[in-house]
Amino acid sequence: MKLIELQTSLRERVAQTAQGKFGVALDSVTAETPPRTELGDLAFPVAFDLARRVKQATGEKKNPRAIADELAGDLRLMPNVARVEVAGAGYINVFYDRTKLLIEAAIGESASASQTHIAPHASSKKSIIEHTNINPNKAAHIGHLRNAVLGDTFVRLLQAAGETVEVQNYIDNTGVQVADVVVGFMHVENMTLDDVKRVDASLPSDKGFDYYCWDLYARVGLYYRGGTSDGAEMPERLALRAQALHDIEAGDNPTAKLADYVATRIVEQHLKTMARLGIKYDVLPRESEILHLKFWDSAFERLKASGAVRLESEGRHAGCWVMPLEAHASTDEHEADKIIVRSNGTVTYAGKDIAYQLWKLGQLDKDFYYRPFFNLQENDNHQVWMTTSEPTVNDAPRFGNGATIYNVIDSRQSYTQDVVKRGVAAVAPEIGEAASVHLSYEMVALSPAACEELGLKLSDADKARPYIEMSGRKGLGVKADDLIDRLEAGAYSETSSRNPETPEAERRHTAHTVAIGALRYFLLKWTRNSVIAFDFTEALSLKGETGPYCQYAVIRANSLFRKLDPDAIQRAQVLLGQANDDDALKGKFASFINNENGTDLWTLWSLAARLDEVIGICVRTHEPTHLAKYAFELAQGFNAFYDNKQNRVLEEPDEARRALLITVAAYTRAQLTRALATLGIDVPARM
RNA sequence: GCACCCGUAGCUCAGUUGGAUAGAGCAUCUGACUUCGAAUCAGAGGGUCGCAAGUUCGAGUCUUGCCGGGUGCACCA
């Protein structure tokens, strides 16, 4: 029996007893893991609640401790329960039959040794996750990495929980940011499309087109202000941007062709950067198609038909289609109303987003056409599709039509996301707001020290601030590829000094794996709504609470198992299994488990057994960091086990105890490896 | 002005739907490599959980009010 099943059955029993003996129907029974293993394996602080509810219902005063005693008596009769204690003012502490559970688990493990991951539920509906969504006009920076790693990890979490997932990366290829770079090429550098292609071809592969545009974008920002960062914006130069934006949206002209080249090339670069982190996408929906295929027209009809938007005939919003939102405490007229269509007939960002969200939910009677996008070597056989306006003949999968949509977007867009969610719910009440989930996260800013390292001169006021916001317009930020390069360099020198005899290619690969482990963990160790004040020292660290720490624990286990027979794990599991029918052997195992050292072994094993529960918590709370913390805790547990002189596997003389140690170590290694894989972190053979 | 987020050890942060003695990492100090790999481990010091009320058997967690910091509230995207 798995621990999670045992937990469920105990909860149900508590609920039954509460109903039977006290006449109280508990809709949910709180169960928690006690702070220390000495206090048991599962605790129910339910007696306090029951005492209150009995008093409410009957007026009878009952001592929580007396209630706990009655509940405990029932729980003692449950299988796999060794004993139950009532502690404190009324805690019910359940102690599992640890020996029996370990033995049963060993039998299960040896039987399903080949099964490594859960297959998706046949009946499960598709979830869509949209993440990355970087403006295709310059290199990706660490803020974008946070988005992508958060999104990709959530994808892995959902898959680990057995769900079917589609990954979308929305490309805003017709927005102002692309227009800015186009203005830069056309009016700052006076280049034609052919010139741009020539420059692109001449750039080094490690500092390519995305880096070039990064600098150009910052220069355009200056250009608008007449060359100085604090100058006033010049209307005639801003007009160039407006013109470019107009031409890009219209399409089929030199400006639009240049914009398409820029956006497409930058998307390629972004995908290469993300591939370094093991991040892949299924489909890249582009804004240009949403425009050309007139998604908005369809969405607008539905919005009007549902009454979600109305045309204002007077007031300051006269001539606009607005979505009414409740005005909070304000007596003024509809201050909170959101404009969806401007008085000149053009649609706002929120409007376009509603159309796109409706498509994602299968609520639009339109679809994109698709073509295969270029394939990266790193992506093996995984095909990325890009939307297109022209009909195509190919075997593209059916995209969109998801049951739940997760949008990974930073918290600054909470308001707009809320508008989108409400708009969708108004159009399709049967779907409601719950189908649209905003996976919001706080920004990545720079620590003052990081700014200085990047060569930015700070005022005294800025130095006193906890963090400074990045600015693409100012070219202030840490480029993703630069950071990965630095991490790889650090990991390479570290692994080279430890494994000088290892071939160069393998050391490079190891350095890469360690670097990605460090980076992904670094971005996942914070809760979503905590601002990351990026600091180089902290981000480049390979010690302490880091990805490499977790990887290292697995490496030590790998090293240990290399020195054992290849079938040692299997043999150990079989031996434990034999104890099921052999009371003498079972007693022997029990004597190993039911002492102080055995408690440590059990604590580690039961922690390892909690992986699926933790994945469930992450999915439910939309918070991947719980898994990162769990992986670290499990690695800590393994390292403590490993360093304990009583647990020297290779020197253990007693065959049974050795089998126990091997089983615990092997299970911990397997679960830790799975946890890390779900975080997108691989483990090299050596490091 | 309104809405949302944050305030926990010197620093950076965790803290599951309210539960037992508030935890990690970094930094500081002390110890452990002839050791299944020291990217490690064992230990020490370090706290009015921003302040004040309230609800509760029980509050870092919930409510209210203050204080301090951040973000968002455009016919921008």
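All values derive from a computational prediction rather than experimental measurement. We name chains A, B, ... by the order of the sequence lines, and we start the count at 1 in each one.
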Undergrad: Name the pairing partner of G65(B), where a pair is Watson-Crick or G-U wobble with both distances under 3.5 Å, or state none.
TA: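 C51(B) is the nucleotide pairing with G65(B).
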Undergrad: Nearest 0.5 Å, please: how far is CD in E538(A) from OG1 in T546(A)?
TA: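 Rounded to the nearest 0.5 Å, the OG1-CD separation comes out at 11.0 Å.
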Undergrad: When all nucleic acid strands are considered with a 4.0 Å heavy-atom cut-off, which category describes A318(A): base, sugar-phosphate, or nothing?
TA: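 The answer is base, as A318(A) lies within the cut-off (heavy atoms under 4.0 Å) of a base atom.
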Undergrad: Between A89(A) and V649(A), which residue's closest nucleotide on RNA chain B lies nearer the 5′ terminus?
TA: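 Nearest nucleotide further toward 5': that of V649(A).
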Undergrad: Verify the contact: side-chain N or O of R412(A) to OP1 or OP2 of G70(B), cut-off strictly under 4.0 Å; return yes or no.
TA: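 For G70(B), neither OP1 nor OP2 has a side-chain N or O of R412(A) closer than 4.0 Å.
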Undergrad: Among U35(B), G70(B), U40(B), find the nucleotide with the atom closest to the side chain of N639(A).
TA: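 Of the candidates, U40(B) comes closest.
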Undergrad: Does N529(A) make a side-chain N or O approach to OP1 or OP2 of C5(B) shorter than 4.0 Å?
TA: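 The answer is no; no side-chain N or O of N529(A) sits under 4.0 Å from OP1 or OP2.
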Undergrad: With nearest nucleotides of RNA chain B determined for L39(A) and N644(A) from heavy-atom distances, which residue corresponds to the more 5′ nucleotide?
TA: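 Mapping each residue to its closest nucleotide by heavy atoms, the 5'-most match is L39(A).
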Undergrad: Any base atoms under 4.0 Å from A553(A), or only sugar-phosphate, or nothing? Heavy atoms, all strands.
TA: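 Since no nucleic acid heavy atom lies under 4.0 Å of A553(A), the category is nothing.
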Undergrad: Applying a 4.0 Å non-hydrogen cut-off, can you work out what R36(A) is touching in the nucleic acid: base, sugar-phosphate, or nothing?
TA: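 Here R36(A) touches the bases of the nucleic acid.
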Undergrad: Remember a base hit wins even if backbone is also touched, and classify I555(A) as base, sugar-phosphate or nothing at under 4.0 Å, heavy atoms.
TA: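 Base, at least one base atom sits under 4.0 Å.
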Undergrad: Considering only the P atoms, how many Å lie between G10(B) and G50(B), rounded to the nearest integer?
TA: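 Pairwise P distance, G10(B) against G50(B), rounds to 13 Å.
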Undergrad: Roughly how many Å is it from CE in M443(A) to P in C6(B), rounded to a whole number?
TA: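 One finds 14 Å between P of C6(B) and CE of M443(A), rounded.
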Undergrad: Could you tell me how far apart K338(A) (NZ) and C73(B) (C1') are, to the nearest whole angstrom?
TA: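 Answer to the nearest Å: 8 Å.
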Undergrad: Cation-pi check, R286(A) to Y170(A): give yes when NZ or CZ is under 6.0 Å from the six-membered ring centre and within 45° of the ring axis, no otherwise.
TA: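 No cation-pi geometry.
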Undergrad: Taking the same atom, C1', in U64(B) and in G43(B), what whole-Å distance lies between them?
TA: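 Comparing C1' positions in U64(B) and G43(B) gives a spacing of 45 Å.
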Undergrad: Going by purine N1 to pyrimidine N3 plus the second Watson-Crick contact, or the G-U wobble pair, all under 3.5 Å, which nucleotide sits opposite G23(B)?
TA: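 Result: C13(B).
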Undergrad: Select one nucleotide: of G15(B), G70(B), U17(B), the one nearest the side-chain heavy atoms of T30(A).
TA: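 Nearest listed nucleotide: U17(B).
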Undergrad: Nearest-Å distance, CZ (R686(A)) to C1' (C36(B))?
TA: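 These atoms are roughly 14 Å apart.
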Undergrad: Between U28(B) and G72(B), how far is it from one C1' atom to the other, in whole Å?
TA: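 Approximately 41 Å lies between the C1' atom of U28(B) and that of G72(B).
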Undergrad: Among A14(B), C75(B), A77(B), find the nucleotide with the atom closest to the side chain of T527(A).
TA: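 Shortest atom-to-atom distance from the side chain points to A14(B).
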Undergrad: Report yes if a side-chain nitrogen or oxygen of K563(A) is closer than 4.0 Å to either non-bridging phosphate oxygen (OP1 or OP2) of G37(B); otherwise report no.
TA: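 Yes.
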Undergrad: When rounded to the nearest Å, what value does the distance between P atoms of C66(B) and A22(B) take?
TA: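 Straight-line distance between the two P atoms is 31 Å.
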Undergrad: Can you tell me which nucleotide in A77(B), U40(B), C57(B) comes closest to the side chain of R52(A)?
TA: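 Nearest to the side chain of R52(A) among the choices is C57(B).
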Undergrad: Looking only at the aromatic ring of each residue, does the gap between the centers of F48(A) and Y91(A) stay below 6.0 angstrom?
TA: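 Centroid separation for Y91(A) and F48(A): below 6.0 Å.
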Undergrad: Side-chain N or O of S411(A) versus OP1/OP2 of C4(B): is the shortest distance under 4.0 Å?
TA: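 So the side chain of S411(A) is outside the cut-off, no N or O lying under 4.0 Å from OP1 or OP2 of C4(B).
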Undergrad: How would you label the contact of E32(A) with the nucleic acid (heavy atoms, under 4.0 Å): base, sugar-phosphate, or nothing?
TA: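 Base contact - E32(A) has a heavy atom under 4.0 Å of at least one base atom.
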Undergrad: Whole angstrom is fine here: how far is it from CG in L50(A) over to P in C57(B)?
TA: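 Between P of C57(B) and CG of L50(A): 14 Å.
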Undergrad: Of the candidate nucleotides A77(B), G19(B), A38(B), which contains the atom at the shortest distance from the side chain of R556(A)?
TA: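 When the side chain of R556(A) is considered, A38(B) is the closest of A77(B), G19(B), A38(B).
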Undergrad: Using only side-chain N and O atoms of Y549(A), determine if any of them is under 4.0 Å from OP1 or OP2 of C41(B).
TA: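 The answer is yes; a side-chain N or O of Y549(A) sits under 4.0 Å from OP1 or OP2.
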Undergrad: Rounded to whole angstroms, how far apart are CD on Q177(A) and C1' on C76(B)?
TA: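 That distance rounds to 11 Å.
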Undergrad: State which of U40(B), G70(B), U71(B) makes the closest approach to the side chain of Y552(A).
TA: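 Closest of the options to the side chain of Y552(A): U40(B).
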Undergrad: Find the partner of A3(B): check Watson-Crick (N1-N3 plus N6-O4 or O6-N4) and G-U wobble (N1-O2, O6-N3) distances, both under 3.5 Å, and reply none if neither fits.
TA: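 By the stated definition (distances under 3.5 Å), U71(B) pairs with A3(B).
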Undergrad: Please determine whether a side-chain nitrogen or oxygen atom of Y642(A) lies at a distance below 4.0 Å from atom OP1 or OP2 of G37(B).
TA: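 Y642(A) to G37(B) OP1/OP2: side-chain N or O found under 4.0 Å.
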Undergrad: Picking from A20(B), G25(B), C75(B), which would you name as closest to the side chain of H317(A)?
TA: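 Minimum distance to the H317(A) side chain belongs to C75(B).
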Undergrad: Looking at every strand, decide which applies to V531(A) at a 4.0 Å heavy-atom threshold: base, sugar-phosphate, or nothing.
TA: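 Touches sugar-phosphate only.
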Undergrad: Students often get this wrong, so: under 4.0 angstrom with heavy atoms, is N133(A) touching a base, only sugar-phosphate, or nothing?
TA: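 Contact class for N133(A): none.
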Undergrad: Mind checking the C1' distance from A27(B) to G69(B)? Whole angstroms is fine.
TA: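 One C1' to the other, the span is 25 Å.
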Undergrad: Do R241(A) and Y224(A) form a cation-pi contact, if we require the NZ or CZ to be under 6.0 Å from the six-membered ring centre and within 45 degrees of the ring's axis?
TA: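 Because its charged atom sits under 6.0 Å from the ring centre and within 45° of the axis, R241(A) does stack over Y224(A).
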Undergrad: Assert yes or no for the condition that the ring centre distance of Y552(A) to Y549(A) is strictly below 6.0 Å.
TA: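 Y552(A) vs Y549(A): aromatic centres not under 6.0 Å.
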Undergrad: Could you check how far CD of E651(A) sits from C1' of U34(B), rounded to whole Å?
TA: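 Nearest whole value for this atom pair: 13 Å.
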Undergrad: Is there aromatic stacking of Y91(A) against A20(B), centre distance under 5.5 Å, plane angle under 30°?
TA: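 Stacking is present between A20(B) and Y91(A), given that their ring centres fall under 5.5 Å apart and the planes under 30°.
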Undergrad: Could you check which nucleotide pairs with A44(B) in any of the strands shown, counting Watson-Crick or G-U wobble with both distances under 3.5 Å?
TA: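 Check on A44(B): paired to U28(B), both distances under 3.5 Å.
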Undergrad: If I take atom CZ in residue F534(A) and atom P in nucleotide C11(B), what distance separates them, rounded to the nearest angstrom?
TA: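 Atom CZ in F534(A) sits about 21 Å away from atom P in C11(B).
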Undergrad: Checking only heavy atoms, does the side chain of S343(A) share a donor-acceptor pair with the base of C75(B) at less than 3.5 Å?
TA: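 Between C75(B) and S343(A), which were checked side chain against base, a qualifying N/O pair under 3.5 Å is present.
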Undergrad: Using atom C1' in both nucleotides, what's the gap between U8(B) and G23(B) to the nearest angstrom?
TA: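 Rounded to whole Å, the distance is 10 Å.
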Undergrad: Determine whether the aromatic ring centres of Y356(A) and F295(A) lie less than 6.0 Å apart.
TA: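 No, they do not, as the ring centres are separated by 6.0 Å or more.
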Undergrad: At their closest point, which heavy atom of T30(A) faces which heavy atom of F44(A), and how far apart are they?
TA: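 Looking at all heavy atoms of both residues, the closest pair is O-CD2, 3.4 Å.
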Undergrad: Say we look at U71(B) and A53(B): how far apart would their P atoms be, to the nearest angstrom?
TA: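 Their P atoms lie roughly 32 Å apart.
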Undergrad: Given C36(B), G15(B), C73(B), which nucleotide is nearest the side-chain atoms of N647(A)?
TA: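 Looking only at heavy atoms from C-beta outward on N647(A), the closest nucleotide is C36(B).
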Undergrad: D418(A) has an atom CG; how far is it from atom P of C5(B), in whole Å?
TA: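 Result: 12 Å.
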Undergrad: Side chain of Q636(A): nearest nucleotide among G37(B), C36(B), C41(B)?
TA: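 Nearest to the side chain of Q636(A) among the choices is C41(B).
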Undergrad: So, for W321(A) and F300(A), is the gap between ring centers shorter than 6.0 Å?
TA: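 Ring centres of F300(A) and W321(A) closer than 6.0 Å.
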Undergrad: For nucleotides C13(B) and G54(B), find the distance between their C1' atoms and express it as a whole number of Å.
TA: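 One C1' to the other, the span is 30 Å.
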Undergrad: Need the pair for C36(B). Rule: Watson-Crick or G-U wobble, both distances under 3.5 Å, any strand; none if unpaired.
TA: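 Base partner found: none.
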Undergrad: Write down the atom of K62(A), the atom of A51(A), and the distance for their closest heavy-atom approach.
TA: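 Shortest heavy-atom contact: O-CB, 3.7 Å.
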Undergrad: If you look at every strand shown and take non-hydrogen atoms under 4.0 Å, does T495(A) touch a base, only sugar-phosphate, or nothing?
TA: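 Base contact.
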Undergrad: May I ask you to say what T546(A) touches in the nucleic acid, namely base, sugar-phosphate or nothing, with a heavy-atom cut-off under 4.0 Å?
TA: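 Since no nucleic acid heavy atom lies under 4.0 Å of T546(A), the category is nothing.
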Undergrad: If a pair satisfies side chain to side chain donor-acceptor pair (under 3.5 Å) and one of its residues is in residues 627-638 of chain A, list it, with sequence neighbours excluded.
TA: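 As it turns out, the side chain to side chain donor-acceptor pair (under 3.5 Å) pairs with a partner in residues 627-638 of chain A, which skip direct neighbours, are E545(A)-K629(A).
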Undergrad: What nucleotide, of A77(B), C73(B), G37(B), holds the atom closest to the side chain of S559(A)?
TA: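 Within the option list, the nearest is G37(B).
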